[in-house]
Amino acid sequence: MTTETTNRMDLTFRKLKEEGRTALIPFLTVGDPDLETTLAIIAELEAAGADILELGVPYSDPLADGPVIQRASSRALRGNIHLRTCMETALKARQAGSQLPFILFTYYNPVMQMGLDNFFSLLDAHEISGLIIPDLPVEESEDLRERSRTAGVNLIPLVAPTSSERIARIVSGASGFVYCVSSLGVTGERSSFHTGVDEFIASVRQATDLPVAVGFGISTGEQVARFARICDGVVVGSAIVRKVEDVIPLLDNPATRSEGLLQIREFVAQLKP
């Protein structure tokens with residue numbers, strides 16, 4: 001992996017810290033509603049002020065995902081989108097001029113099916129900066145953590161409010177940043193968060209020198225601003241995926257496609273902390 005790709009995420013967080021800003025990290029399901037539109041949406045997210053981008057690999061049994069992202073995965077899977085397709089989309093976005101660090105959000109089964117040697121070779125070739133695998137517990141991740149370190153890929157762990165005594169172990173092998181889950185359960189928009197979430201985030205901060213981001217359920221500019229005061233990054237997923245879903249009729253019509261893309265950009269821009 002090139003030095004530029006390896007350091008892209010670290011440089012982003014360093015620059016934001018110097019400027020006193022918090023990273024906005026959107027999540028996007030690749031291939032929803034199709035690959036060409038995904039590339040156009042990536043450009044809109046960057047124009048709206050996104051700092052880092054999670055590229056969700058559609059999966060038939062997404063245990064950590066709520067109904068909005070499940071529906072997006074179903075739409076993408078109908079287009080035969082798979083793990084390698086998502087990597088290729090990241091590279092196409094880079095070739096089109098995107099400067100965003102890309103994080104691949106995937107479950108472990110597609111990685112195993114691809115084979116770890118092939119998987120990490122393709123991460124390098126397609127300029128992926130980070131990796132999130134929500135169904136891989138830290139107790140079973142040693143091989144992947146070692147391979148990630150060797151490949152220069154940031155392996156980003158999820159830490160939940162129930163992790164408590166496991167926090168130190170979970171973050172010990174992390175790189176890039178630590179992803180704090182704001183609420184229990186699957187992803188989805190929420191009006192309130194886990195009781196004690198601020199204390200939970202503070203305990204994670206005490207356990208690591210890495211940037212700390214928070215996600216799961218964050219859907220409004222007010223919620224982003226609330227967490228931006230105590231975190232280095234805020235992830236918004238279901239709300240953006242729902243916005244894409246809402247404007248699919250516009251995106252599917254050449255006469256209204258630009259209006260649909262503009263609505264996505266404006267929605268993400270108002271989330272910017």
Side-chain angles (χ1 to χ4, degrees), residues 1-10 12-13 25 27 29-30 52-65 69 73 81-91 101-181 186-187 203-204 207-213 215-216 233 235 237:
M1 181 166 289
T2 66
T3 302
E4 181 180 0
T5 302
T6 305
N7 292 338
R8 195 181 295 270
M9 189 182 303
D10 294 338
T12 295
F13 274 114
I25 310 174
F27 171 97
T29 300
V30 176
I52 297 169
L53 181 60
E54 284 186 31
L55 297 173
V57 178
Y59 189 55
S60 58
D61 188 23
L63 300 178
D65 295 324
I69 295 177
S73 287
I81 307 303
H82 45 75
L83 181 55
R84 183 161 185 161
T85 312
C86 296
M87 295 187 193
E88 291 169 350
T89 300
L91 185 59
F102 294 129
I103 299 169
L104 204 64
F105 186 107
T106 183
Y107 290 85
Y108 197 44
N109 190 51
V111 174
M112 290 298 293
Q113 289 182 350
M114 179 175 282
L116 290 180
D117 290 341
N118 191 29
F119 175 66
F120 279 100
S121 176
L122 289 172
L123 288 179
D124 183 5
H126 293 84
E127 299 192 20
I128 306 296
S129 296
L131 182 63
I132 297 174
I133 303 180
D135 62 339
L136 182 65
V138 65
E139 291 82 4
E140 301 172 21
S141 67
E142 183 175 349
D143 186 23
L144 198 76
R145 282 186 282 127
E146 182 58 38
R147 287 175 178 264
S148 296
R149 280 193 293 269
T150 300
V153 177
N154 292 305
L155 184 60
I156 300 157
L158 294 176
V159 186
T162 54
S163 298
S164 56
E165 72 282 354
R166 298 172 67 243
I167 288 176
R169 182 173 182 183
I170 292 171
V171 305
S172 64
S175 62
F177 66 91
V178 175
Y179 189 144
C180 291
V181 176
V186 298
T187 61
S203 67
V204 174
T208 182
D209 294 328
L210 291 173
V212 171
F216 277 52
V235 180

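Remark: the backbone N or O of N118 is not paired with any side-chain donor or acceptor of S121 at under 3.5 angstrom.
Remark: D117 pairs with R147 by the side chain to side chain contact (heavy atoms under 4.5 Å, CB included) rule, at least two apart or across chains. Residues passing the salt bridge (Lys or Arg N to Asp or Glu O under 4.0 Å) test with E140: none are found, sequence neighbours excluded. Residues that satisfy the side chain to side chain contact (heavy atoms under 4.5 Å, CB included) test with R84, not counting sequence neighbours, are H82, E88, M114, L122. Partners of P211 by side chain to side chain contact (heavy atoms under 4.5 Å, CB included), not counting sequence neighbours, listed by chain and number: F13, F177, D232. Residues that satisfy the side chain to side chain contact (heavy atoms under 4.5 Å, CB included) test with S175, not counting sequence neighbours, are N154.
Annotation for L158 and P134: closest pair CD1-CB, 3.6 Å, computed over non-hydrogen atoms. In terms of heavy atoms, C86 sits closest to L104 at CB-CD1, 4.1 Å. Nearest heavy atom pair, residue L136 against residue S141, reads CD2-CB, 3.7 Å. Looking at every heavy atom in both residues, P101 comes nearest to I52 through O-CG2, 3.6 Å. Closest approach of H126 to A90, counting heavy atoms only: O-CB, 4.2 Å. The shortest non-hydrogen separation linking L83 to P110 is CD2-O, 3.7 Å.
Of the residues listed (F105, Y108, Y107), the one engaging Y59 in a ring-ring contact (aromatic ring centres under 6.0 Å, His included) is Y107, and it is the only one. Here the rule is side chain to side chain contact (heavy atoms under 4.5 Å, CB included) with I103, and of I156, L131, V235 only I156 fits it.
Between F120 and S148 there is a side-chain heavy-atom pair separated by less than 4.5 Å. Looking at heavy atoms from C-beta onward, L55 lies out of side-chain contact with T89 at the 4.5 angstrom threshold. Taking 4.5 Å as the limit, some side-chain heavy atom of V171 sits within range of a side-chain heavy atom of V159. Inter-residue side-chain proximity for L116 and V111 is flagged as met; some heavy-atom pair is nearer than 4.5 Å. I167 has its side chain within reach of S203: a pair of non-hydrogen atoms, C-beta onward, lies under 4.5 Å apart.
With rounding to the nearest 0.5 Å, the separation of CZ in F102 from CE in M87 is 13.5 Å. Note that CD1 of I133 is 10.0 Å distant from CE of M112, once rounded to the nearest 0.5 Å.
Counting only residues at least two apart or on different chains, no salt bridge (charged side-chain N to carboxylate O under 4.0 Å, His left out) pair has a member in residues 172-181.
We find that E146 and R149 are joined by a salt bridge, their nearest charged nitrogen and carboxylate oxygen being less than 4.0 Å apart.
The environment of E142 atom CD is sparse: at most 12 non-hydrogen atoms of other residues, nucleotides or ligands sit within 6.0 angstrom.
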